[in-house]
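The next block holds one structure in the form of structure tokens; read it before the comments.
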There are 2 protein chains.
Amino acid sequence: MLATAIRAAEALPEGHPCLDCAVRSVAVCRVLGCDDLATMRQLGWTLHLRPGQPLFHEGDPATRVFTLTRGALKLYKLLPDGRRQVTGFMFPGDFLGITVDDDHAFTVEALIESQLCWFPRRRFGEFVETHADLERGLYRLAAHELAAAQAQMVLLGRKTAEERVASFFLGLLERAERGGGRAARTVDLPMSRLDIADYLGLTKETVSRVLALLRNKQTIRLAALTRVEIIDRDALTAIAEGMTDC
Amino acid sequence: MLATAIRAAEALPEGHPCLDCAVRSVAVCRVLGCDDLATMRQLGWTLHLRPGQPLFHEGDPATRVFTLTRGALKLYKLLPDGRRQVTGFMFPGDFLGITVDDDHAFTVEALIESQLCWFPRRRFGEFVETHADLERGLYRLAAHELAAAQAQMVLLGRKTAEERVASFFLGLLERAERGGGRAARTVDLPMSRLDIADYLGLTKETVSRVLALLRNKQTIRLAALTRVEIIDRDALTAIAEGMTDC
DNA sequence: CGTTCGATTGAGCTTTCTCAAGCACAGTGG
DNA sequence: CCACTGTGCTTGAGAAAGCTCAATCGAACG
């Protein structure tokens, strides 16, 4: 199915306005498990974001659904006094539009130069209604995200700073492997230390200190500020699950 | 639709084996927005739990889906060393079975005497496939739970102990009002202080101390160990959103 | 009336936060 | 080519929120 979609995309001439849509639709289709690329392509529009640029804010009316095709996003919620909780990061192929409310429940902002494909929410909804497999894919996606959210609750409610950071790296690693299709040893960090801290329920200083700690333990190596090499994955897994001292 | 379902249930003679199923199906139907009660009734089975009795454990194969018809449940995940995160509580009418994995992602345990209606997962899946509206209801339910999980992430990652407890009470209050249909002033706490603590990412001692604090502030009153009266809901809301000192 | 178990209260401690200073790297202009 | 500057990262020291351990309380139950 994915192969079909890619072939369909490649059949278009370079620069053709539909090319991008097609490529992007591949992502939608891959995520939602839908095969009707032709229809998807007719509906889609393109959108670019610069680093730091918001896609929409918490409370904005949810009029569109998106698929991230290039770049990286952060999703977050704010408290009135400015405290922030990053609820997730998105990478190419990820779908953004699971909601039953009329308004968005969180803010989305680009971490780096990003490209998205979007569809009007209503038309997407109509399209989904005529494609039972897509509807099911949407449900599966929501169920999957729910499970991830529950794992994050364990992290935020019960893990130590070191365990949180270890879990974070492993999560990024698994995501990279899912996206890239093969085992990875390094992960990119398109987000700032503050973003990481706000995702893990810590402060940027604590994140920094734990990074230093893991570096001293030879568990990770900071290849660059925004690039971490996992030296000892087993150790990292043990730390992440709190099995260091029991 | 709900009225129809209830009438169908009441049409059966007292003690008839289908009565319970019918009543329970009302709950499933209410939650999932499905109207085909007759079919649901034919598929359902009954199950009772005593306080503290587990329904299933994290990692068990997910072979059934449930609707809670009476009582209250807690859902939790454990770390290897025993640390626990309660990811949610369930009350009558709540549906339990959102997963795409073969195994359960959390443990479920009865807080008090409880009654559930269950269906074999596979047969439920087949049934859902033939009822597009049910499939949509399932998606909406998952999306709703996802939003709730994200709100809980803010609580666990960024709120103070006082804010967490205030949010918890307001959540229970809203749930009670949704279930009861009218404004509520008191909430029952079928769970222990430890359960509350494990839900809020605190210790039972801290929960106890915050309870005393809110009591001294005249924001709540402890009508009994397991019953809280909300005296000043606005104040509680202000605390929950962190708007006390800004 | 005593026992038990959960809830509360108290005292000291630990982890993480806060605030502040120093560092490193990228971009800018002399 | 190199100092200048800004921004984000790191490191340090002290503070605080919440945790741990321990004692006490109190309601339910035999």
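So you know, we letter chains A, B, ... as the sequences are listed, proteins then strands, and number each from 1.
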Rounded interatomic separation in angstrom, taking CG from A:L200 and P from C:dC17: 10 Å

A:S192, nearest nucleotide to its side chain (from D:dC9, D:dT10, C:dA7): D:dC9

Whole-Å gap separating C1' (D:dC9) and CG (A:L222): 11 Å

Residues forming a side-chain hydrogen bond (donor to acceptor under 3.5 Å, both in side chains) with B:R158, sequence neighbours excluded: A:D198

Within 6.0 Å of CG in A:N216, more than 12 heavy atoms from elsewhere: yes

Between P of C:dG6 and CE of B:M191, the distance in whole Å: 16 Å

Side-chain donor-acceptor pair present, B:Q85, B:Y76, cut-off under 3.5 Å: no

All side-chain hydrogen bond (donor to acceptor under 3.5 Å, both in side chains) counterparts of A:R215, not counting sequence neighbours: none

Please tabulate, for side-chain N and O atoms in residues 180-192 of chain A, each donor-acceptor pair with protein atoms closer than 3.5 Å (sequence neighbours left out).
| unit_1 | atom_1 | unit_2 | atom_2 | d |
| --- | --- | --- | --- | --- |
| A:R185 | NH1 | A:E229 | OE2 | 3.0 |
| A:R185 | NH2 | A:E229 | OE2 | 2.7 |
| A:T186 | OG1 | A:R227 | NH2 | 2.9 |
| A:D188 | OD1 | A:R227 | NH1 | 2.8 |
| A:D188 | OD2 | A:R227 | NH1 | 2.9 |
| A:S192 | OG | A:L194 | N | 3.3 |
| A:S192 | OG | A:D195 | N | 3.1 |
| A:S192 | OG | A:D195 | OD2 | 3.3 |

Full working for side chain to side chain donor-acceptor pair (under 3.5 Å) between B:S167 and B:K159: CA-CA 9 Å; B:S167 303; B:K159 288 190 182 176; 3.0 Å; yes

B:L116 side, atom CG; B:H48 side, atom NE2 - distance, nearest 0.5 Å: 9.0 Å

Atom pairs and distances, donor-acceptor, side-chain atoms in residues 142-152 of chain B, under 3.5 Å, two or more places apart:
| unit_1 | atom_1 | unit_2 | atom_2 | d |
| --- | --- | --- | --- | --- |
| B:Q152 | NE2 | B:Y199 | O | 3.1 |

side-chain hydrogen bond (donor to acceptor under 3.5 Å, both in side chains): pairs with one or both residues in residues 49-61 of chain A, sequence neighbours excluded: A:R50-A:E113

Any pair counted as salt bridge (Lys or Arg N to Asp or Glu O under 4.0 Å), so long as it reaches residues 231-243 of chain B, sequence neighbours left out: B:E177-B:R233

Residues that B:R175 engages under salt bridge (charged side-chain N to carboxylate O under 4.0 Å, His left out), provided they are two or more places apart: B:D94

Reading 5' to 3' through nucleotides 11-20 of chain D, protein heavy-atom contacts under 4.0 Å coded B for base, S for sugar-phosphate only, - for none: BBB----SSB

Whole angstrom value for the distance that separates C1' of D:dC9 from CZ of A:R227: 19 Å

Each nucleotide N or O in nucleotides 2-5 of chain C that has a protein N or O under 3.5 Å away: list the pair and distance.
none

Bend angle of the helix from C:dC1-D:dG30 to C:dG30-D:dC1, from helix axes over five pairs at each end, nearest 10°: 20°

Interatomic distance, B:L189 CG vs C:dG6 P [rounded to whole Å]: 16 Å

Contact state string [nucleotides 24-30 of chain D, B base, S sugar-phosphate only, - no protein heavy atom under 4.0 Å]: -------

Non-neighbouring partners of B:E205 that pass salt bridge (charged side-chain N to carboxylate O under 4.0 Å, His left out), sequence neighbours left out: none

Spacing of A:L173 atom CG and A:F168 atom CZ [to the nearest 0.5 Å]: 11.5 Å

Nucleotide C:dC17, atom C1' - distance to CZ of A:R193 in whole Å: 19 Å

Interatomic distance where CG belongs to A:L194 and P belongs to D:dT7 [whole Å]: 15 Å

Rounded interatomic separation in angstrom, taking CD from A:E163 and C1' from C:dT15: 12 Å

Geometric class of the B:H104/B:F56 ring pair [parallel <30°, tilted 30-60°, perpendicular >60°]: parallel

